[in-house]
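This report refers to the structure that appears directly beneath it.
Reminder, nothing fancy here: chain letters follow the sequence lines and each chain counts from 1.
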Number of protein chains: 2
Amino acid sequence: MSRTFYFSGGEVGSFRVVDTLSLRGESLPSVSHLDVTSSAPTTAPTFCLWGVTSNDRYVTTAEKTELVSRQIPLGRPNTTHGAFIPIKKNAEWWALPQDARRRIFEEDSRHIALGMRALPAVSRRLHHCRDLGVDAPFDFLTWFDFEPQDVQVFDDLLGALRASKEWDYVEREVELRVERA
Amino acid sequence: MSRTFYFSGGEVGSFRVVDTLSLRGESLPSVSHLDVTSSAPTTAPTFCLWGVTSNDRYVTTAEKTELVSRQIPLGRPNTTHGAFIPIKKNAEWWALPQDARRRIFEEDSRHIALGMRALPAVSRRLHHCRDLGVDAPFDFLTWFDFEPQDVQVFDDLLGALRASKEWDYVEREVELRVERA
């Protein structure tokens, strides 16, 4: 089973783009639809970003046990709302040893704890782009879905993460809010 | 500067293959030469494996400080001997949380400490293949060089690593010993 997923922005797709926010650095071309597929698009979209799901980089055994017990996969019947958030971190982040990154990620920024607080409302899949062996414009693509009633839970999660020390290392971030087409 | 490196086995290349050992799983096609380049080969070699250098996955700040102070980049004038070792780990390894992998990697297997003991004699560059977004046959490609007088230091390093708990998770490993052509 392929670990690669494609996010194609254009005039067609399973999701309607309702908002595009440029948080930091260059934005993405404005599009009306987003398609999310596990094989490469056969037509030429306005943009196509891709990444691979991979092993956990920071979670401990205890954290993983709790995450697994609480999280629900993407695509529940009523999760009509979603967000696609590509992020690039700076060179300083990538030069840090593992323990320093973990400390900033969780002990300082509570990234895992904040995500846990949004469970099971907000489902999420993380895709890595940094080691694709090509010049990828982002390091991570995160794809979320949730029910309309949980928009505030999601907004609170984003607000808390963006106020964290970890985000000092983010040099590019774009957010596409979507709804099922 | 590209982080991608190509290891091409065939009838030409900067290194003569003096031995090919199949340690675990399927071997590689037998070749007389290995070429190591930072751009894709323009002719068709017998095999071409590629990977990307990336951020540290396990080393702590203290370990990194010591490594950086002792290691010497590849390509010293007299490091005429080398080895190319592609490795694939099993699904069980990749499903482990970060703390469990770190524990096996260093606290149980002393991977970093063993590598440190071989410094500065053995220079090394690690390339990652698992997140290339294509079906790569290996997870890691490691490229070493050393002077002829340090062959035993290198052999001892390999012997110790292969006897470690970490190697219980290795499902494929091939070793090409090379000398500068």
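At most 12 non-hydrogen atoms from other residues, nucleotides or ligands lie less than 6.0 angstrom from CD of A:Glu26. The 12-atom threshold is not exceeded at CG of A:Asp135, counting heavy atoms of other residues, nucleotides or ligands nearer than 6.0 Å.
Counting heavy-atom pairs closer than 4.5 Å to chain B, the top residue among A:Thr61, A:Thr4, A:Thr53 is A:Thr61. In terms of heavy-atom pairs under 4.5 Å with chain A, the best-connected choice from B:Val134, B:Asp99, B:Val52 is B:Asp99. By number of non-hydrogen pairs under 4.5 angstrom with chain B, the leading residue of A:Ala100, A:Ala95, A:Pro97, A:Gly51 is A:Pro97.
Geometric assessment of B:Arg125 against the ring of B:Phe5 yields a positive cation-pi assignment under the 6.0 Å and 45° thresholds.
Of the atoms belonging to B:Arg102, not a single heavy atom falls under 4.5 Å from chain A. If you measure heavy-atom distances from B:Arg57 to chain A, the contacts under 4.5 Å come from both the backbone and the side chain.
Between the side chains of A:Glu66 and A:Ser69, not a single donor N or O lies within less than 3.5 Å of an accepting N or O.
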Applying side chain to side chain donor-acceptor pair (under 3.5 Å), run through A:Asp35 and A:Ser8 and close with a yes or a no. CA-CA 5 Å; A:Asp35 215 23; A:Ser8 306; over 6 Å; no

